[in-house]
Protein chains: 2
Amino acid sequence: MPSDHPHPAGRCAVCAVRDSALCATFAEPELAALRAIGRRRTLPAGQIVVSAGDPASFCANLVSGVLKVVREEHDGRTQIVGLLFPGDLVGEPFVEEARDTLVALTEIDLCLYPRQPLETLLTHHPAATHLLLRRALATLAEARKWMLMLGRRQAPEKIAAFLLDMERRLEPAAGGGYHLPMGRAAMGEVLGLTIETVSRQLSAMKRAGMIALPSRRHILLLDRPKLAQIAG
Amino acid sequence: MPSDHPHPAGRCAVCAVRDSALCATFAEPELAALRAIGRRRTLPAGQIVVSAGDPASFCANLVSGVLKVVREEHDGRTQIVGLLFPGDLVGEPFVEEARDTLVALTEIDLCLYPRQPLETLLTHHPAATHLLLRRALATLAEARKWMLMLGRRQAPEKIAAFLLDMERRLEPAAGGGYHLPMGRAAMGEVLGLTIETVSRQLSAMKRAGMIALPSRRHILLLDRPKLAQIAG
DNA sequence: CGCTCGATTGACTACCTTCAATGAAAGTGG
DNA sequence: CCACTTTCATTGAAGGTAGTCAATCGAGCG
């Protein structure tokens, strides 16, 4: 693992996720305490951040990059059950053992907090616990939306919904469209499809003029209304 | 709706879910406040408790019975995204609008709390918020397990896992086995399958001697190891 | 007794997966 | 800088699983 470095004083003020992350609930006195236990760290794409079953020794704010939350079957089948974007909380406070594997899809910047001190801090600040509750409920709502998709939609609907969803969540790329933070395999893991089905559906949409694929991971949405209609 | 009645003083002490529900976090002074705003109500099977989109005016503890949490597609396709059992919290505090439809699968007993007073109470009792957070995280973990099932497993695995899961959560019926709180259609909604597929899989398992179906909803598990093996 | 609703079973179809080969892009070493 | 290797994506063909449509069955109820 790359070495980490202490959180530079004042750095929070210029942090990219200062207003959306957990730290937004803290004002100056508590923020100093938070800063004192925080460590910034950069991890390369592909790096496993936590493995399912590991003792969860820390939580973190995701400052930049994208993480996948993966759940595995004993026989090796995997399903991505969540994606984490900048501002999202990485790891679950008050949970002793990691239930899912977290993998960096891109290079990521984390703001790490050892779990014990963080929990102590949270316990004394109801507003923070309250925010965590709201977040957890929002994540649950999203997971349930996802369940509907996995259980009931067919491949074209899944792909169209996914492409539109990613556009909302990712920054636009130079030249329009956006840059997917994952390959076809991970798309399949998200949607409960095989890599071949994903590829075929994308090709079909390209052929139909609904999207363009300038490069493997660069997506251009050409016919948003049509995509929205397919997505349902 | 059937009329409700005020919460009889002292009733909490003999409540079936007194130790597992939200009220377990409250000691006597706060419990009195909770009791003051609580109302008991009984609803018949099939009753819609909340419709998606409704303003969420209350939360409740489920005292007895089973509820389904349903999410709907615009075109009518539905997916059950959660089941609620005695002791579970019904509705989400701090959420203004219901995201899902809640339907009683059996006759249910609720202990209703108007949302506003409940939230006020919660805000002043960090321990309760903390419990809610833990619950929400547990529910999220369960939803994710469910996602893995919906996305990756095939019909026999889904059915076997479901039958074993229900056995864990329901009380044993007289004469062994248990009584399913739902019909084939709802099983399909839980597992992302059609009613016909559910029926066929159950018939196949019956033919294989793994289960017995003395009546429509009465399930007997005859070969648990085999079922567990199929469930994966 | 007949009606209604839910469950079962069958026949057929469609969709997605699996297996396999080809193609393209990125990384490595000469 | 180019050949080689590796990885990822695409495409094709075949097969299987679950969905759809439709008929039958059976239990519960008026």
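Atoms considered below: every heavy atom in the structure, side chains included; atoms not considered: hydrogens, waters and symmetry mates. Each chain gets a letter, A, B and so on, in the order the sequences are listed, and its residues count up from 1.
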Using nucleotides 26-30 of chain D, report all nitrogen or oxygen pairs with the protein that are shorter than 3.5 Å.
residue	atom	partner	partner atom	Å
dG26(D)	N2	R216(B)	NH2	3.0

What is the bend of the helix from dC1(C)-dG30(D) to dG30(C)-dC1(D) when you compare the axis at one end with the axis at the other, using five pairs each and rounding to 10°?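 About 30° separates the two local helix axes.
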Rounded to the nearest 0.5 Å, what separation is found between the [atom1] atom of [X] and the [atom2] atom of [Y]?
X       : Y       : atom1 : atom2 : answer
L137(B) : L137(A) : CG    : CG    : 9.0 Å
L89(A)  : N61(A)  : CG    : CG    : 6.0 Å
R115(A) : S57(A)  : CZ    : OG    : 8.0 Å
Y113(A) : L118(A) : OH    : CG    : 8.0 Å

Test of understanding: with side chain to side chain donor-acceptor pair (under 3.5 Å), list the residues that count as partners of [X], not counting sequence neighbours.
X       : result
E189(B) : K68(B), T78(B)
R135(B) : none
D165(B) : R168(B)

Taking side-chain contact (heavy atoms from CB on, under 4.5 Å) as the test, write out the residues that go with V50(B), two or more places apart.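 In terms of side-chain contact (heavy atoms from CB on, under 4.5 Å), with neighbours along the sequence ignored, V50(B) is linked to D54(B), F58(B), A98(B), L102(B).
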Checking all strands, does S199(B) fall into the base, sugar-phosphate, or nothing category for heavy-atom contacts under 4.0 angstrom? base
Side chain to side chain donor-acceptor pair (under 3.5 Å) contacts touching residues 142-156 of chain B (sequence neighbours left out): E73(A)-R153(B), E142(B)-R169(B)
Under 3.5 Å: donor-acceptor pair, side chain of E72(A), backbone of R77(A):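 Such a contact is absent between E72(A) side chain and R77(A) backbone.
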Contacts table for residues 105-112 of chain B: side-chain donor-acceptor under 3.5 angstrom, sequence neighbours left out:
residue	atom	partner	partner atom	Å
T106(B)	OG1	V66(B)	N	3.0
D109(B)	OD1	T42(B)	OG1	2.6
D109(B)	OD2	S64(B)	OG	3.1

Side chains of R71(A) and R99(A), heavy atoms from C-beta outward: is any pair under 4.5 Å?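 SC-SC contact between R71(A) and R99(A) confirmed.
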Measure the shortest side-chain to side-chain distance between V17(B) and L62(B) over non-hydrogen atoms and say whether it is less than 4.5 angstrom. no
Whole-Å distance separating the CD1 atom of I211(A) from the C1' atom of dA9(D): 14 Å
In this structure, how many angstroms lie between the P atom of dA9(D) and the CG atom of L213(A), rounded? 11 Å
Identify the 5'-most and 3'-most nucleotides of DNA chain C with at least one atom closer than 4.0 Å to a non-hydrogen atom of chain B.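 Going 5' to 3' along DNA chain C, contacts run dG6(C) to dA11(C).
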Give every donor-acceptor pair under 3.5 Å between a side-chain atom in residues 197-220 of chain B and any protein atom, sequence neighbours left out.
residue	atom	partner	partner atom	Å
T197(B)	OG1	T194(B)	OG1	3.0
S203(B)	OG	S199(B)	O	3.0
H218(B)	NE2	G176(B)	O	2.9

Residues from residues 67-85 of chain A sitting under 4.0 Å of DNA chain D, heavy atoms only?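 The stretch gives none, as no residue of it lies under 4.0 Å from the strand.
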Counting only heavy atoms not in E97(B) (residues, nucleotides, ligands), do more than 12 fall under 6.0 Å from its CD?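 Counting neighbours around CD of E97(B), more than 12 heavy atoms of other residues, nucleotides or ligands fall under 6.0 Å, so yes.
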5' to 3', nucleotides 14-22 of chain D under a 4.0 Å protein heavy-atom cut-off (B base, S sugar-phosphate only, - none) gives ----SSBB-
